[in-house]
Peer 1: 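Below: one structure in structure tokens.
Keep in mind that what you see is a predicted model, and the values were worked out from it rather than measured. Indexing begins at 1, ligand by ligand and atom by atom, following the structure's order.
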Amino acid sequence: MKTMFALAVGMFALVAQARTQSAEPAIIPHPAELKLSGGTVALTSEKVRTEIQPGATATLGAEGYRLAIGPAGALITAGTETGAFYARQTLAQLTVAGQTPCATLTDRPRYAWRGYMLDVSRHFAPTAELKALLDEMARYKLNRFHWHLTDDEGWRIEIKKYPLLTSIGGIGDKSNPQAPAQFYTQAEIRDLVAYARARHIVVVPEIDMPGHASGAARAYPAHAGGGSDRLPNFTFNPGKPETLLFLQDILREVKELFPDCGVIHYGGDEVHFGWGKWDTLPEVQALKAKEHLADKQAVEKWFNRTMAAFINSLGCDTGGWDEILDAGTDPAHTVIFWWRHDKPAQLAKALQGGFKIVLTPRHPCYFDFLQNPAHKVGRRWNGINELQRVYGFPETATLPADLAAQAAASPQVLGLQACLWSETCATRARREFLTYPRLLALAESAWTPAAKKNYEDFSARLKVHLPLLKQRGITCYDPFGNSPEVVDAPGAATYIDQPETRQKH
Ligand code: TNX
């Protein structure tokens with residue numbers, strides 16, 4: 001009896017070993033170097049040793065690690081705590097049913113900036129849901145959470161000096177302009193920033209200006225600079241000294257809330273959507289005369305230059321959408337978020353100008369775009385953003401060849417970012433449906449060396465991850481099955497934005 005039991009256990013172990021050895025471990029993002037050495041080990045916390053050797057950053061960079069797993073245990077070597085953290089994420093993914101394959105890994109990211117942006121203005125997302133997102137980001141080695149906190153539909157960040165920003169500006173969302181005020185208190189923000197920090201994620205706040213300002217303008221109409229028929233108070237008044245001071249007060253509080261953010265993003269996008277009234281504002285005329293500004297374009301640039309310098313004076317780089325390129329900000333301290341995929345010249349200009357750059361072109365990085373042609377809700381613009389298209393980025397981006405090569409080789413390109421604009425996302429399930437699994441594809445593109453990327457292989461690993469995401473409570477689109485489209489409850493905003501119905505800019 002005893003022998004038979006031992007035999008059975010032995011056979012089971014053999015089968016288990018064969019399974020783990022034959023199957024390539026399903027790690028996402030794929031490590032730079034992974035060599036299986038045969039056999040498995042049942043790791044306990046005592047069997048995992050970590051050595052932080054600051055000198056190791058010379059070869060492993062600020063986020064890399066080495067991992068040696070043998071029958072006796074695992075040794076993590078890293079130059080930083082961040083590297084060790086990523087080694088533990090890899091170990092967790094390697095371990096299946098308590099067994100970890102013996103292996104040696106040397107791993108470090110392709111890009112320093114591996115980001116995800118969420119718009120919480122069009123529709124609000126409670127902090128508990130953001131924490132679930134941060135957990136997944138950390139698991140897949142993403143390290144920047146870009147928090148789009150203000151926009152026309154609602155102002156979501158508490159500013160102590162200007163309480164109406166949230167009590168009035170926080171009212172409404174894309175589905176319901178009368179929805180009771182939704183916003184994050186400063187305590188909630190500090191808590192979220194700490195939660196992210198513990199997961200080696202930097203939270204980058206965005207306060208959008210001088211456009212997309214209707215939320216703030218509802219609360220403090222004295223600072224409004226007019227807009228269009230559709231968005232009557234789309235802008236701040238760039239000519240009013242009090243308005244600049246108001247915005248600077250806000251940015252000072254932002255800096256206190258996000259002390260380690262490195263970058264404060266101030267938007268700068270789509271200003272011309274609503275700047276028509278600037279020609280008639282006396283304060284703007286006075287500014288033009290004083291600063292010798294010929295037209296609205298020059299006023300916009302002056303505003304962008306002035307506010308960027310203020311953000312720099314707070315000790316942060318200034319982040320801005322690619323519209324801010326010509327403003328004359330300090331390239332060494334400006335991060336350009338290249339989003340207009342149909343304007344590659346903007347990317348070329350950012351490279352030539354010496355700016356730092358985050359690549360987040362609509363195609364394929366905007367996750368509010370459809371991921372399946374049969375889906376009904378979301379954006380399309382001469383195409384959609386299927387999983388494979390996200391995975392292929394940036395190698396397969398439709399850029400002039402010389403520009404693609406230049407961007408690939410340039411240290412100015414900090415990395416990649418996905419953006420989820422929330423016009424069509426009122427619920428956690430809908431946000432997640434648009435985010436996963438595309439976020440895993442982006443994570444691999446941002447981490448894994450280009451030469452090691454392979455879509456077939458990624459797909460096979462993804463098949464292992466889909467049920468795990470589901471087990472963790474994440475709603476995930478299944479690109480291999482026929483999972484139905486997840487849309488919000490009736491009443492929530494839904495639209496397909498065809499290219500021909502949208503103003504090109
Ligand atoms: C453009 S991207 C915007 C957003 C919209 C998004 C929808 C950018 C800087 N501005 O305000 O939500 O398109 O895809």
Peer 1: Would you kindly specify which portion of Y366 sits under 4.0 Å from ligand 1, judged on non-hydrogen atoms: side chain, backbone, both or neither?
Peer 2: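 Just the side chain.
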Peer 1: Under 4.0 Å from any heavy atom of E423, which atoms of ligand 1 are there?
Peer 2: 5 (C), 7 (C), 12 (O)
Peer 1: I'd like to know if the side chain of Y111 pairs up with that of N143 as donor and acceptor (distance under 3.5 Å, no hydrogens or angles considered).
Peer 2: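 The answer is no; no qualifying pair exists.
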Peer 1: Below the 3.5 angstrom mark, is there an N/O of W421, backbone or side chain, next to an N/O of ligand 1?
Peer 2: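 W421 vs ligand 1: no N/O contact under 3.5 Å.
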Peer 1: Any atoms of ligand 1 less than 4.0 Å from a non-hydrogen atom of W321? List them with their elements.
Peer 2: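 Taking each heavy atom of W321 in turn, ligand 1 has 9 (C) under 4.0 Å.
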Peer 1: Distance under 4.0 Å to a non-hydrogen atom of E270: what atoms of ligand 1 satisfy this?
Peer 2: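 With E270 as reference, the close atoms of ligand 1 come out as 1 (C), 3 (C), 10 (N), 11 (O).
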Peer 1: How does R379 reach ligand 1, by side chain, by backbone, by both or by neither, if only non-hydrogen atoms under 4.0 Å count?
Peer 2: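 Within the 4.0 Å criterion, R379 contacts ligand 1 through side-chain atoms alone.
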Peer 1: Would R122 count as being in polar contact with ligand 1, using the rule that some N or O on each side must be under 3.5 angstrom apart?
Peer 2: yes
Peer 1: Quick one: pull up CZ in R252 and CD1 in I159 and give me the separation to the nearest 0.5 Å.
Peer 2: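 Reported to 0.5 Å precision, the distance equals 12.0 Å.
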Peer 1: Does a donor on one side chain and an acceptor on the other come within less than 3.5 Å for T448 and H30?
Peer 2: no
Peer 1: Got an N/O contact under 3.5 Å between D269 and ligand 1?
Peer 2: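 Yes, there is a polar N/O contact under 3.5 Å.
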Peer 1: Mind checking the CD-CZ spacing from E291 to R305? Nearest 0.5 Å is all I need.
Peer 2: 8.0 Å
Peer 1: Measure the CG-CG distance between N372 and D478 for me, rounded to the nearest 0.5 Å.
Peer 2: 11.0 Å
Peer 1: May I ask you to list the atoms of ligand 1 that are less than 4.0 angstrom from any heavy atom of D368?
Peer 2: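 With D368 as reference, the close atoms of ligand 1 come out as 7 (C), 14 (O).
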Peer 1: In terms of atom number and element, which parts of ligand 1 are under 4.0 angstrom from non-hydrogen atoms of H212?
Peer 2: 11 (O)
Peer 1: Tell me yes or no: between the side chains of W339 and E323, is some donor less than 3.5 Å from an acceptor?
Peer 2: yes
Peer 1: From the options Y116, W113, W421, F337, select the one residue that forms a ring pair (Phe, Tyr, Trp, His ring centres under 6.0 Å) with H146.
Peer 2: F337
Peer 1: So is W339 polar-close to ligand 1, meaning N/O to N/O under 3.5 Å?
Peer 2: no
Peer 1: Does one side chain, of D152 or S121, offer a donor that lies under 3.5 Å from an acceptor on the other?
Peer 2: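 There is no such pair between these side chains.
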